[in-house]
Amino acid sequence: MRLYKMELYKICSKKLFLFSVLASLAIFLLYFWSHVIGAESTINGVKYTGYQAVKMDREITEAFQGALTDEKVAQIVEKYGFPSGVSEHVNTFLDKNYLNDFVMHGFSDGYFHGINDYHVGTCVYPIAETELGKACAATGKTLLLEYAYGWKVFTEVMEVGNILGLALVLLALSPVFSEESAANTRQILFTTKEGASKDIIAKIAAGMTVVVGAYVVMVLLDLILSWCVFGLDGLDCLYGQVMEDSHIIDWNNYRNPSTAYMKEILCYFVFSSFLGMTEMGTISLFFSARCKSSFQSVIAAAMSILVPLLLFIMHQDGGSLFIILNILPLVLLGIALVSFVPDFSKGYACIVKILCCGLMAVAGYTLKRRFLFYITLPIWMIMKGTCWDMMTWKTRYPWMPTATLGFTVMATVIYIVCSWKKYRSL
């Protein structure tokens, strides 16, 4: 426990870590607050902005919340009308509120696709004839009207928080082992009464504590802020109903991610992000154990994220770059497993190490059309778009989400074990 506390203090007391935490927190809070101050609502000719707009939207929604009926839709239109005011400087209707905007998009002939492509609503359709109505009828779910805007903000802010968390974890954990190698103090530490094994375990435990702690704080802070400002209603609404960047899709008879409950997508997103963050931590620890300086370990860990991202941006569907992208996770695991190859002879050991990485690459190439390995990399695990992809693939391949999460857990364990093995064998 003493070693663990020392290692934890060593990580958290660094000026770079403290500065990174404060900078990440500031960006996180500013991004959340931008959603609050950017809110607008017009109710009976009175325009509200910022938190007051959120408060008023929540208030008017309470009167209609619950199972949505044609009568409620008609009452909303009668009381608040359809949004109609536009401006070339604002890419949305100027006089909308949460209720009439929801009715316009889901149950009327009105729409807004841009300043030169919009139509003011003139009539409402029966719920049974709309996409939302058809989706609920096909899936047997109840169409609810609740103020669910907070969950859209929660997911967007969490995604930004995940990206900041990856950078924080990379900077915090990359020096854990490498700074001892750079200062030539590793052998001294190994001669203490606790021994090498306890010292390495303490470093790994402290590093993973930072990862878990940072993630938990981020999620709780996001949840508390969303709860206080927007409330927690809307978990039983459909995903396509809540997210403005999504819509109800009739594919597979409406049984797809757009008709999943919001709480189902959120649970998967939170768990997937947690695994992505812990995997990033273990990758950082591995390269820290492998490299002889903190600078090298930071660069190596960063490249494990940036190179796949660059390949993804550059690739064409089915092209060679995509194949390279998909086998990279297995190559990274091959590099980690090389730590177990004994140095019985420099020449033979080098051949065995090359074969180890080569076999992993061959396995990735062979399975390229059966499993998307690149999805298991941290940069994708923390993205909400990956949750949509996983839920979509689940309709055809029920094993895909479980296999993806399972592979990520396996990779995380391998990186931890290889970190311990590599640092001890240096």
Side-chain angles (χ1 to χ4, degrees), residues 135 138-141 155 158-159 162 215 219 235-236 238-240 243 246 248-283 304-305 308-309 311-312 315 317-319 321-334 336-337 359-418:
T139 57
K141 297 177 179 179
T155 55
M158 183 175 167
E159 189 172 55
N162 286 338
Y215 181 77
V219 173
L235 284 174
D236 289 323
L238 305 184
Y239 181 83
M243 302 300 287
S246 180
I248 299 298
I249 302 173
D250 61 1
W251 177 69
N252 196 32
N253 194 27
Y254 292 102
R255 288 173 172 80
N256 55 68
S258 69
T259 58
Y261 288 123
M262 191 65 199
K263 60 186 177 184
E264 295 175 357
I265 302 292
L266 282 174
C267 288
Y268 188 93
F269 183 39
V270 170
F271 187 59
S272 172
S273 298
F274 173 73
L275 291 183
M277 201 72 71
T278 54
E279 186 183 18
M280 184 71 254
T282 56
I283 290 175
S304 70
I305 297 298
L309 187 59
L311 290 174
F312 181 80
H315 91 277
D317 291 339
L321 288 180
F322 179 78
I323 296 174
I324 296 173
L325 167 67
N326 202 45
I327 67 175
L328 268 180
L330 289 178
V331 173
L332 281 174
L333 285 177
L337 292 172
L359 288 174
M360 295 297 285
V362 170
Y365 179 81
T366 304
L367 300 173
K368 64 182 183 297
R369 300 192 183 281
R370 300 181 183 180
F371 190 79
L372 298 178
F373 290 102
Y374 77 91
I375 292 292
T376 65
L377 290 171
I379 192 64
W380 276 277
M381 294 293 290
I382 64 168
M383 297 296 179
K384 65 178 181 179
T386 303
C387 297
W388 176 277
D389 292 339
M390 285 292 107
M391 295 297 105
T392 301
W393 292 327
K394 186 179 180 180
T395 58
R396 288 189 175 181
Y397 310 104
W399 51 268
M400 181 66 80
T402 302
T404 300
L405 297 179
F407 184 88
T408 305
V409 171
M410 180 193 71
T412 299
V413 173
I414 289 175
Y415 286 126
I416 289 178
V417 175
C418 291

Would you say the side-chain atoms of [X] pair up with the backbone N or O of [Y], donor to acceptor, closer than 3.5 Å?
{"X": "T402", "Y": "W399", "value": "no"}
{"X": "N326", "Y": "F371", "value": "yes"}
{"X": "N253", "Y": "R255", "value": "no"}

Interatomic distance, [X] atom [atom1] to [Y] atom [atom2] [nearest 0.5 angstrom]:
{"X": "Y254", "Y": "I249", "atom1": "OH", "atom2": "CD1", "value": "10.5 Å"}
{"X": "L328", "Y": "M360", "atom1": "CG", "atom2": "CE", "value": "12.0 Å"}
{"X": "L235", "Y": "C267", "atom1": "CG", "atom2": "SG", "value": "8.5 Å"}
{"X": "L238", "Y": "M262", "atom1": "CG", "atom2": "CE", "value": "11.0 Å"}

4.5 Å side-chain heavy-atom contact, [X] and [Y]:
{"X": "P378", "Y": "I283", "answer": "yes"}
{"X": "Y268", "Y": "L405", "answer": "yes"}
{"X": "V362", "Y": "T366", "answer": "yes"}
{"X": "E159", "Y": "I382", "answer": "no"}
{"X": "F407", "Y": "L330", "answer": "yes"}

(request) Please report the C-alpha distance between W251 and T395 in whole Å, then the side-chain angles of each, then the deciding distance to 0.1 Å, and finally whether the side chain to side chain contact (heavy atoms under 4.5 Å, CB included) criterion is met. (result) CA-CA 10 Å; W251 177 69; T395 58; 2.8 Å; yes
Looking at [X] and [Y], what are the two nearest heavy atoms and their distance?
{"X": "M381", "Y": "E279", "value": "CG-OE1, 4.5 Å"}
{"X": "P329", "Y": "L377", "value": "CG-CG, 3.8 Å"}
{"X": "A336", "Y": "C418", "value": "O-SG, 3.1 Å"}
{"X": "T259", "Y": "K141", "value": "O-NZ, 2.6 Å"}
{"X": "M383", "Y": "F269", "value": "C-CE1, 3.6 Å"}
{"X": "A135", "Y": "T139", "value": "O-OG1, 2.7 Å"}

Have a look at [X] and tell me which of [options] forms a side-chain contact (heavy atoms from CB on, under 4.5 Å) with it.
{"X": "W380", "options": "T386, I305, L372", "result": "T386"}
{"X": "F373", "options": "T404, L367, I327", "result": "L367"}
{"X": "P257", "options": "M390, M243, M391, K394", "result": "M391"}

(request) Carefully, step by step, assess I324 and Y374 under the rule side chain to side chain contact (heavy atoms under 4.5 Å, CB included). (result) CA-CA 10 Å; I324 296 173; Y374 77 91; over 6 Å; no
(message) Evaluate L333 against Y415 for side chain to side chain contact (heavy atoms under 4.5 Å, CB included), listing each step before the verdict.
(response) CA-CA 8 Å; L333 285 177; Y415 286 126; 3.8 Å; yes
(request) Given side chain to side chain donor-acceptor pair (under 3.5 Å), test S273 with N162 step by step and report yes or no. (result) CA-CA 7 Å; S273 298; N162 286 338; 3.0 Å; yes
(request) Go through the steps to decide whether R396 and N252 satisfy the test side chain to side chain contact (heavy atoms under 4.5 Å, CB included), and finish with yes or no. (result) CA-CA 10 Å; R396 288 189 175 181; N252 196 32; over 6 Å; no
